[in-house]
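Here is the structure we will look at, set down as structure tokens.
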Amino acid sequence: MATLDSKIPQGKLADKWTNHKSHINLVSPANKRLIDVIVVGTGLAGASASATLAELGYNVKTFCFQDSPRRAHSIAAQGGINAAKNYQGDGDSTYRLFYDTIKGGDYRSRESNVHRLAEVSTNIIDQCVAQGVPFARDYGGLLDNRSFGGVLVSRTFYAKGQTGQQLLLGAYSAMNRQIGRGKIKMYNRHEMMDLVLVDGKARGIITRNLVDGKIERHGAHAVVIASGGYGNVFFLSTNAMGSNVSAGWKIHKKGAHFANPCFTQIHPTCIPVSGEHQSKLTLMSESLRNDGRIWVPKNIEDVKAIREGKLKPTEIAEEDRDYYLERRYPAFGNLVPRDVASRAAKERCDEGYGVNKTGEAVYLDFASAITRYGKEQAHVKGLDENDAALVKKLGQDVVRSKYGNLFQMYEKIVDQDPYETPMMIFPAVHYTMGGVWVDYNLMTSIPGCYAIGEANFSDHGANRLGASALMQGLADGYFVLPYTIGDYLADDIRTGTINTDSPEFEAAEKAVKDQIDAFINNKGSNTVDYYHRKLGKIMWNKCGMSRNATDLKEAMAEIKALREDFYKNVNVPGTAYEFNEQLAKAGRVADFLELGELFAKDALERTESCGGHFREESQTPEGEALRDDENFTFVSAWEYKGEPADAVLCKEELNYEEIEVKTRSYK
Ligand SMILES: Cc1cc2nc3c(=O)[nH]c(=O)nc-3n(C[C@H](O)[C@H](O)[C@H](O)COP(=O)(O)OP(=O)(O)OC[C@H]3O[C@@H](n4cnc5c(N)ncnc54)[C@H](O)[C@@H]3O)c2cc1C
């Protein structure tokens, strides 16, 4: 087992980061004009990085597979973005955000990076406000906050349930300005197919134009991967349908270590699966847990009656309801972190208390909040607090103003009115903490190749706290990468334009074309989705919310067999030189079929439970996750060696100097 000789300033906190040697090497404004940077991705991470790099003076080429950068998956982010502004005066601070994030990640993230993240979090809000992002404001006009899971302060900035959309519009506007100036060349509908290395350094990419199928070469002095997360390896997830691992996986195959692939976040509040026909799951934002109370009936007879349609949840008396999060975790209640809330829902459903037909749903109920807000409003307005109908109406108005679009979305999908009856929710795959391994400067183990946003593994350890992904993506894009990249690029000011006629580009392009031809000529009998769906089932059943050695070994063998069958029997209709969604998808599923196996291998090796990774063999008598700090306080960074099963584990040991490592408790 290898150990990473780390370029990482372990234990050095971020308030020292500006003095770190990475900032000694800078590129002058004049020399930046001589340097080209490729950015793959226009989600919040990629768009913010592209805009900032261009603003600094670099020549940027940005790629996305959608028809517009605005359609990146980031647009779906609902609930908010964290920052340690302490606007509520509730005791927040940089240290507290740093502490909450390390604890929330179950002590499996790097101290130095997380402190830097907490430190720059406040700048993000200022930056976005300056761009015109319409964050929610309170009565007096100041920026408002709400709470998210795993913390005891209110530090989440939000724009209704559309925070990602508004933030992306801000970053996209900044990008557009640079596109207008000619500093960013935007390539929509272009998919990165491979990375090109010259003399061991990242020097460009091969792309496929998704409209006409043309394969193109693009050179640059550095390549930044901002391609998002890989939750869709499970087929069903809350991610956008196009989210995939391919850019990250291609660079892994070229030498970038892939870290903690098994660290996946299963979000507790999603609309339950309704049947086999589905290809997408829908998140109900965690912000709803500010006011919604989670429960199942106490009595199994009530559960049966509900499932048979003989009883409504609103008919169950208060004393017959089990508010199991409030019961088990009195300190944090309904705002425990996602991994804890998801496991608790699974535990109740496994015991037979699930409230929908398949027994895989619990209630998220706003009745108490509606009454509480309604009474307050009646009091404020001098109206009758004992008029139940009036109180209900006033309370519903408040809830509508806070979560209206989320309630509307729920009603459209489920055809039930959540103002009148509790929502039904169940955990679903949502976010991947694992990803491409990066050092403190966000460089992968390939010189000149960087990874930012959800695509990298950094900052969230084994469990991400709500509203922290947008924070990390924008920290990476606006405030970290554009400055750390100079350390590497300072050596490139005399390199000149990268020649794409070199044998390295030739070979990479040929490999891409060969794979495309193989898919088109295969003429098998199964669709791409047939394989994706099967892979998803294996992942969910054997590598999902809880894992054990037997299942994980079976998963590895099953995924390998499925992959072999895929290459023999997949059918990709159409031709290579046209708009061909099935062809694009085939390449992405091929990569998922490799990642899935490494994912299971990583989960098998990590015999402890931590964060979202729950090994059944490692739990307390109360069923809580049991960490093994003595043997597993490290990042698993996997080195590619051909077959996923042959990947070599490199360990990056984690040292905690500023935070005391404790058992994580939300009781
Ligand atoms: C429903 C939902 C709600 C969420 N709500 C919140 C929230 O409230 N707060 C929070 O902090 N987080 C939230 N998250 C998480 C957060 O949205 C994501 O982690 C974050 O937006 C990821 O941003 P990104 O820039 O890294 O990637 P993405 O937004 O996924 O962007 C990826 C980009 O890469 C491009 N790309 C990918 N592969 C290729 C390729 N091969 N070639 C070319 N381009 C490629 C895509 O075109 C896209 O532009 C939510 C997630 C979901 C699923």
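Below, each value reflects all heavy atoms present in this structure, side chains not excepted, and no hydrogens, waters or symmetry copies. Note that ligands are numbered from 1 as they come in the structure, with each ligand's atoms numbered from 1 the same way.
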Quick one: look at Ser468 and ligand 1, take heavy-atom pairs under 4.0 Å, and tell me if it's side chain, backbone, both or neither.
backbone
Part of His190 with heavy atoms under 4.0 Å of ligand 1, whether side chain, backbone, both or neither
backbone
Closer than 4.0 Å to some heavy atom of Thr42 - which atoms of ligand 1 meet that?
33 (C), 48 (C), 49 (O)
May I ask you to check if ligand 1 and Ala469 share an N or O to N or O distance below 3.5 Å?
yes
Check if Val40 has a non-hydrogen atom at a distance under 4.0 Å from any atom of ligand 1.
yes
Nearest-option assignment for atom 20 (C) of ligand 1, heavy atoms, candidates Ser74, Ser48, Cys64:
Ser74
When you compare ligand 1 with Ser246, is there at least one nitrogen or oxygen pair between them that comes in under 3.5 angstrom?
no
For atom 32 (C) of ligand 1, state which one of Ser227, Ala47, Ala49 supplies the nearest heavy atom.
Ser227
Within 45° of the six-membered ring axis of Phe157 and under 6.0 Å from that ring's centre, is NZ or CZ of Arg146 located there?
no
At the 4.0 Å heavy-atom cut-off, does Gly164 count as touching ligand 1?
no
Centroid-to-centroid, Tyr158 to Phe148, below 6.0 Å?
no
Which of the ligand 1 atoms, numbered from 1, are nearer than 4.0 Å to a heavy atom of Asn244:
38 (N)
Should the heavy atoms of other residues, nucleotides or ligands under 6.0 Å from CZ of Arg71 be counted, would the total exceed 12?
no
Before signing off on this row, confirm whether Phe65 and ligand 1 have an N or O atom pair separated by under 3.5 Å.
yes
Could you check whether atom CZ of Arg189 has more than 12 heavy atoms from other residues, nucleotides or ligands sitting under 6.0 Å from it?
yes
Could you find the nearest protein heavy atom to atom 7 (C) of ligand 1 and give me its residue, atom name and distance?
Gly80 O, 3.6 Å
Parallel, tilted or perpendicular: which fits the ring planes of Trp437 and His257, with parallel below 30° and perpendicular above 60°?
tilted
Cation-pi check, Arg400 to Phe407: give yes when NZ or CZ is under 6.0 Å from the six-membered ring centre and within 45° of the ring axis, no otherwise.
no
Among non-hydrogen protein atoms, atom 19 (O) of ligand 1 lies closest to Glu454 OE1, 2.6 Å
Describe, in one word, how the ring planes of His613 and Phe263 are oriented to each other, choosing from parallel (under 30°), tilted (30 to 60°) and perpendicular (over 60°).
tilted
Which option wins on minimum heavy-atom distance to atom 4 (C) of ligand 1: Ala451, Gly231, Ala77, Cys270?
Ala77
Between Ser285 and ligand 1, which residue portion shows a heavy-atom distance shorter than 4.0 Å: side chain, backbone, both, or neither?
neither
Is there at least one pair of N or O atoms, one from Gln66 and one from ligand 1, spaced under 3.5 Å apart?
yes
Could you establish whether Ile81 and ligand 1 come within less than 4.0 Å of each other, counting only heavy atoms on the residue side?
no
Quick check on salt bridge (charged side-chain N to carboxylate O under 4.0 Å, His left out): which of Arg217, Arg208, Lys214 does Glu509 satisfy it with?
Arg217
For Lys254, is the NZ atom crowded, meaning more than 12 foreign heavy atoms sit under 6.0 Å from it?
yes
Quick check on Ala467 - does any of its heavy atoms sit under 4.0 Å from an atom of ligand 1?
yes
When only distance counts, is Phe148 in polar contact with ligand 1, meaning an N/O pair under 3.5 Å?
no
List every atom of ligand 1 that sits less than 4.0 Å from any heavy atom of Gly228, numbering the atoms from 1 in the order shown and giving each element.
26 (O), 27 (O), 30 (O), 32 (C)
Only one of Asp92, Asp144, Asp126 passes salt bridge (charged side-chain N to carboxylate O under 4.0 Å, His left out) with Lys85, and that residue is Asp126
Within reach of ligand 1, part of Leu283 (heavy-atom separation under 4.0 Å):
side chain
Can a non-hydrogen atom of Ala226 be found less than 4.0 Å from any atom of ligand 1?
yes
Heavy atoms only: which of Gln472, Arg464, His73 lies closest to atom 14 (N) of ligand 1?
Arg464
Between Tyr58 and His221, is the ring centroid distance below 6.0 Å?
no
Is it true that Phe258 and Tyr230 have ring centroids separated by less than 6.0 Å?
yes
List every atom of ligand 1 that sits less than 4.0 Å from any heavy atom of Phe63, numbering the atoms from 1 in the order shown and giving each element.
44 (N)
For residues Gln472 and Asn456, is any side-chain donor paired with an opposing acceptor at under 3.5 Å?
yes
Where the side chain of Asp106 meets the backbone of Gly611, is there a donor-acceptor pair that is under 3.5 Å apart?
yes
Nearest protein heavy atom to atom 51 (C) of ligand 1, by residue and atom, and its distance?
His430 CE1, 3.2 Å
Only heavy atoms of Gly79, strictly under 4.0 Å: list the atoms of ligand 1 that pass.
7 (C), 8 (O)
Return a yes/no value for Asn239: is any of its N or O atoms, backbone included, closer than 3.5 angstrom to an N or O of ligand 1?
no
In ligand 1, which numbered atoms sit nearer than 4.0 Å to a non-hydrogen atom of Met192?
40 (C), 41 (N), 42 (N), 43 (C)
Flag if over 12 foreign heavy atoms under 6.0 Å of NZ, Lys510:
no
Can you report which non-hydrogen protein atom sits closest to atom 11 (O) of ligand 1, along with the distance?
Leu470 N, 2.8 Å
Does some non-hydrogen atom of Gly473 fall short of 4.0 Å from ligand 1?
no
Regarding Lys103 and the six-membered ring of Phe98, is the cationic atom NZ or CZ under 6.0 Å from the ring centre and inside 45° of its axis?
no
I'd like to check which ligand 1 atoms, numbered from 1 as shown, lie under 4.0 Å from a non-hydrogen atom of Gly453.
26 (O)
From the list Thr238, Thr269, Asn239, side chain to side chain donor-acceptor pair (under 3.5 Å) with His430 holds only for Thr238
Can the positive tip of Lys185 be found less than 6.0 Å from the middle of the six-membered ring of Tyr187, inside 45° of the ring normal?
yes
A student checking ligand 1 against Gly41 at a 4.0 Å heavy-atom cut-off should list atoms 33 (C), 34 (O), 35 (C), 49 (O)
